[in-house]
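Everything on this sheet refers to the single structure shown next.
Since we're looking at a predicted model, the values are computed, not measured.
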Amino acid sequence: QVQLVESGGGLVQAGGSLRLSCVASRSIFSINNMGWYRQAPGNQRELVATFTSGGRINYVDSVKGRFTISRDNAENTMYLQMNSLKPEDTAVYYCVSRVAGLTYWGQGTQVTVSS
């Protein structure tokens, strides 16, 4: 079992920055499949950025060059640095991990970007 808690969301103006954090209830050293998704009202949940078992990082095209995913295994924490935020980035952002064939989701943190 893995519990995930996101934080760092808030209200910012376009062009601003936020850093989201996801703290896991267990060591993430051996967890390769984890990342961030987001969901805006009326839309499907979409992938934002993930680490993969192949040791690569995937970003959705719309955030490439603006968002950076990272992790601190010693602190059991994953981050999403979001720069040059746009109103279309407004969504609830979710931390996700896949362990032993099961997918775990955090409760989400709201990010709102105003024009």
Side-chain angles (χ1 to χ4, degrees):
Q1 302 293 319
V2 181
Q3 293 181 320
L4 305 170
V5 180
E6 305 98 332
S7 63
L11 173 64
V12 298
Q13 292 185 322
S17 298
L18 286 173
R19 184 170 69 173
L20 306 183
S21 299
C22 171
V23 180
S25 62
R26 55 155 287 179
S27 173
I28 63 170
F29 180 79
S30 62
I31 303 177
N32 295 312
N33 297 113
M34 60 189 306
W36 294 92
Y37 280 67
R38 67 185 179 186
Q39 186 169 25
N43 295 104
Q44 292 183 311
R45 191 171 297 184
E46 68 171 349
L47 179 148
V48 178
T50 61
F51 295 101
T52 70
S53 59
R56 297 184 177 183
I57 299 172
N58 294 326
Y59 294 99
V60 67
D61 286 345
S62 61
V63 309
K64 288 181 179 178
R66 300 188 298 120
F67 290 13
T68 303
I69 187 173
S70 63
R71 60 196 288 169
D72 185 339
N73 289 343
E75 298 294 331
N76 296 336
T77 303
M78 180 176 63
Y79 302 97
L80 184 67
Q81 178 67 46
M82 304 184 294
N83 298 326
S84 301
L85 283 162
K86 303 175 180 180
E88 50 263 45
D89 294 318
T90 295
V92 177
Y93 284 71
Y94 297 91
C95 176
V96 63
S97 67
R98 188 165 179 83
V99 182
L102 298 176
T103 302
Y104 299 89
W105 297 90
Q107 289 297 112
T109 185
Q110 177 71 49
V111 172
T112 303
V113 184
S114 62
S115 299

Minimum heavy-atom separation for Gly35 to Ile69, with atom names? CA-CD1, 3.9 Å
Tell me every residue that passes side chain to side chain donor-acceptor pair (under 3.5 Å) with Arg19, counting only those two or more places apart in sequence or in another chain. none
Would you say that Tyr104 contacts Met34 through its side chain, given a criterion of any heavy-atom pair below 4.5 Å between the two side chains? no
Please report the interatomic distance CG(Asp72) to CE(Met78), rounded to the nearest 0.5 Å. 12.5 Å
Tell me the salt bridge (charged side-chain N to carboxylate O under 4.0 Å, His left out) pairs involving residues 26-39, sequence neighbours left out? Arg38-Glu46, Arg38-Asp89
Only counting residues at least two apart or in another chain, list the ones meeting side chain to side chain contact (heavy atoms under 4.5 Å, CB included) with Ser70. Tyr79
Nearest heavy-atom neighbours spanning Lys64 and Asp61: NZ-OD1, 3.0 Å
Which residues end up grouped with Leu47 if you chain together Ile, Leu, Val, Met, Phe, Trp and Tyr wherever their side-chain heavy atoms are less than 4.5 Å apart? Tyr37, Val92, Tyr94, Val96, Trp105
What side-chain donor-acceptor pairs closer than 3.5 Å can you find for residues 5-17, not counting sequence neighbours?
from, atom 1, to, atom 2, distance (Å)
Glu6, OE1, Gln107, N, 3.0
Glu6, OE1, Gly108, N, 2.8
Glu6, OE2, Cys95, N, 2.8
Glu6, OE2, Gly108, N, 3.2
Ser17, OG, Asn83, OD1, 2.9

Identify, with sequence neighbours excluded, every residue that meets side chain to side chain donor-acceptor pair (under 3.5 Å) alongside Thr103. Arg98
Say you draw a straight line from CG of Leu80 to OH of Tyr93; how long is it, rounded to the nearest 0.5 Å? 7.5 Å
Taking only residues two or more places apart in sequence or in another chain, which ones pass side chain to side chain donor-acceptor pair (under 3.5 Å) with Glu75? none
State which residues pass side chain to side chain donor-acceptor pair (under 3.5 Å) with Thr112; sequence neighbours excluded, sorted by chain then number. Gln110
Sequence neighbours left out, what pairs pass ring pair (Phe, Tyr, Trp, His ring centres under 6.0 Å) with at least one residue falling in residues 43-68? none
Heavy-atom pair of closest approach, residues Asn73 and Phe29: ND2-CD1, 3.7 Å
Student check: side-chain heavy atoms of Ser97 and Ile28 closer than 4.5 Å: no
By side chain to side chain contact (heavy atoms under 4.5 Å, CB included) - contacts of Asn58 (at least two apart): Thr50, Thr52
May I ask whether Val23 and Ile31 are part of the same hydrophobic cluster, defined by side-chain heavy atoms of I, L, V, M, F, W, Y residues being less than 4.5 angstrom apart, directly or through others? no
If I take atom CG from residue Asn43 and atom CD from residue Glu88, how far apart are they, to the nearest 0.5 angstrom? 12.0 Å
Around Gln39, counting heavy atoms of other residues, nucleotides and ligands shown, do more than 12 lie under 6.0 Å from its CD? yes
